[in-house]
Amino acid sequence: MVTTKHDYDDIPGTYVFDFDKSHDGYHLNMFCMSLLKAENRKAFLADEAGYLQQFPMTQEQRQAVMDRDWLRMIQLGGNIYYTSKIGATDGRSFQYIAGKMCGMSQEDYAKMMLNGGRPADGNRSKSEWEGEKANG
Amino acid sequence: MAKILAGVGTSHVPAIGAAIDLGKTQEPYWQPIFAGYEKSKQWLKEVDPDVVILVYNDHATAFALDVVPTFALGIADEYQPADEGWGPRPVPVVKGHSELSRHLGTSLIFDHFDMTIVNEMAVDHGLTVPLSLMCGQPEAWPFKVVPLCVNVVQYPPPTGARCFDLGKAIRKAVEAFDEDLKVVIFGTGGMSHQLHGERAGMINREWDNKFLDDLSADPQRLTQIPHVEYIRETGAEGVETVMWLIMRGALNEQVEEVHRHYHVPGSNTAVGHIILENR
Ligand SMILES: [Fe+2]
C-alpha cells in the first residue's frame with residue numbers, strides 16, 4: 001500500500017475526509033444516504049443486520065453501525081454528514097453524537113459549546129495531546 | 001445591465017433553521033443569534049434585489065459520493081426544499097432565475113470554469129437557512145435565486161484563490177447580462193466548527209474575526225490561506241468558509257463593511273455574518 005503523507009496528519013482527533021477515507025467508507029456512507037427515505041429508516045430499525053447486508057460494507061463497519069460506535073464509524077471511513085443520518089434515524093441530537101465521539105456526555109458537550117467551544121490552543125497538533133486526550 | 005450591489009456572508013447551521021421553523025427564535029439560547037440579523041433583514045428589504053446568487057454547499061442531500069461536482073450551477077426554474085431525513089423545511093419553493101443561470105453557465109465555461117450544470121436539485125439547509133435568516137418567514141421568497149453549490153464535504157474543496165477567481169468571473173458574467181437586474185451575492189457556511197472526531201466542538205473566535213476583518217482590509221491574504229490552516233485553526237468542517245471568497249471575489253476591490261455579527265454557539269458552530277457593499 002502506498003502511504004502518502006499529508007500536511008493535516010499532525011492535527012489531533014481529526015479524520016480529514018480525503019479520497020482514501022472516501023474510498024474506504026463509500027458503502028458505509030451510501031448506506032447512510034439510504035436513510036434519507038422514511039421507508040428505509042423503518043426497514044433498517046426493524047432488522048439492522050439484515051438491512052446492512054444489502055450494502056457491501058466490511059463486517060467491522062456493520063458492527064460499528066450496530067454498536068452506534070460513532071468514532072469508529074469515522075475511523076472506518078464514515079463521514080459525519082452521512083453518519084449523522086443514523087443519529088437522526090435514532091432520534092438523537094447532533095450534540096449527543098458529537099459528545100460520544102469525544103468521550104463527553106451530551107450535557108458536558110453542550111456546556112462546553114455554551115462556554116465558547118473547545119479552544120484552538122492545546123488542540124492544534126498531536127504533540128499537544130497527552131495520551132490522545134483532547135484539551136477542553 | 002445587471003449589477004452586483006453587495007455581498008452577504010453568513011453561516012448556515014441547520015439547527016438555526018429548526019429554531020425558526022419551531023418558533024424558538026425568542027428563546028434565550030437563540031435570541032442573540034437572531035438579534036444580529038434584524039438589521040440585515042431591514043437592509044435587504046431596502047436593497048430589494050431581483051436576484052440572489054447563493055453560494056452554499058450540499059450536505060449529503062442532493063449529492064452523495066457517487067458523483068462529486070466541485071462547482072455545480074443550478075439552471076432550473078425552481079428548486080424544492082429537500083427532505084433531509086425529518087421532512088422538508090416548511091419554507092417556500094425557491095424560484096430560480098433560469099435565464100441568468102444559463103447565461104452564467106455559458107460565460108463561466110468560456111471563462112475556463114468548467115461548471116457542472118444541474119437541471120433538477122433539491123436544496124438543503126445550506127441554501128434555505130440563509131434565506132430564512134435574511135428574509136424571515138415570508139409567503140414567498142422576495143427574489144429569485146441562482147444556486148451555486150460547492151463541494152466542501154469531500155476533501156479537497158476548491159482552493160480559496162480559485163473561489164475568489166470564480167467570484168470575479170461571476171461578476172464579469174453578471175455585468176454582461178442584458179437586463180436591468182439588482183443582484184446580491186451570498187457566501188454561506190462556516191465559520192469555525194468541527195463536527196467529528198475527538199476534537200469536535202472546536203471554535204476559534206480570534207481567527208474567525210480576523211477573517212471577517214480582512215474581507216474588507218486584505219482579501220488577498222484570505223485567498224492564500226491553505227486548507228490545512230482552516231482545518232487546524234477553525235475545525236475540519238470550518239473549511240466551508242472558503243465559499244465566502246466566491247462572494248468576495250464578485251465585489252469591488254474596495255468594499256464597505258456595513259454590518260457584522262458573531263456569536264458562539266449556534267449548536268456546534270460559530271455563527272458569523274457580514275454585509276459588504278461595493279464602494
Ligand atoms: Fe455547510
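On a predicted model such as this, the values are computed, not experimentally measured, just so you know. Note on naming: letters A, B, ... go to the chains in the order of the sequence lines (proteins, then strands), and numbering restarts at 1 for each one.
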Just wondering, do A/F19 and B/P156 contact through their side chains at under 4.5 Å, heavy atoms? yes
A/Y81 to B/E240 - nearest heavy-atom pair and separation: OH-OE2, 3.6 Å
Within-4.5 Å side-chain heavy-atom neighbours: B/S267 and A/Q95: yes
If you check every heavy atom in residues 212-232 of chain B against those of chain A, which residues fall under 4.5 Å? B/V228, B/I231, B/R232
Taking atom CD of A/E107 as the centre, report whether more than 12 heavy atoms of other residues, nucleotides or ligands fall under 6.0 Å from it. no
Test side chain to side chain contact (heavy atoms under 4.5 Å, CB included) applied to A/W70 and B/H196, step by step: CA-CA 9 Å; A/W70 304 101; B/H196 80 268; over 6 Å; no
Which atoms of B/N268 are under 4.5 Å from chain A, going by heavy atoms: the side chain, the backbone, both sets, or neither? both
Within the 4.5 Å heavy-atom criterion, are A/W129 and B/R199 side-chain neighbours or not? yes
Most contact-rich option vs chain B, by heavy-atom pairs under 4.5 angstrom, among A/K85, A/K100, A/M104, A/M112, is A/K85
Go through A/D20 and B/Y155 one step at a time and tell me if the side chain to side chain contact (heavy atoms under 4.5 Å, CB included) criterion holds. CA-CA 10 Å; A/D20 297 334; B/Y155 185 91; over 6 Å; no
Yes or no on side chain to side chain contact (heavy atoms under 4.5 Å, CB included) for B/N204 and A/R118, after CA distance, side-chain angles and deciding distance? CA-CA 8 Å; B/N204 194 337; A/R118 189 187 306 286; over 6 Å; no
When you compare the side chain of B/L65 with that of A/M33, does any pair of heavy atoms fall below 4.5 Å? no
Which answer fits B/T269, side chain, backbone, both or neither, if we ask what part of it has an atom under 4.5 Å from a heavy atom of chain A? backbone
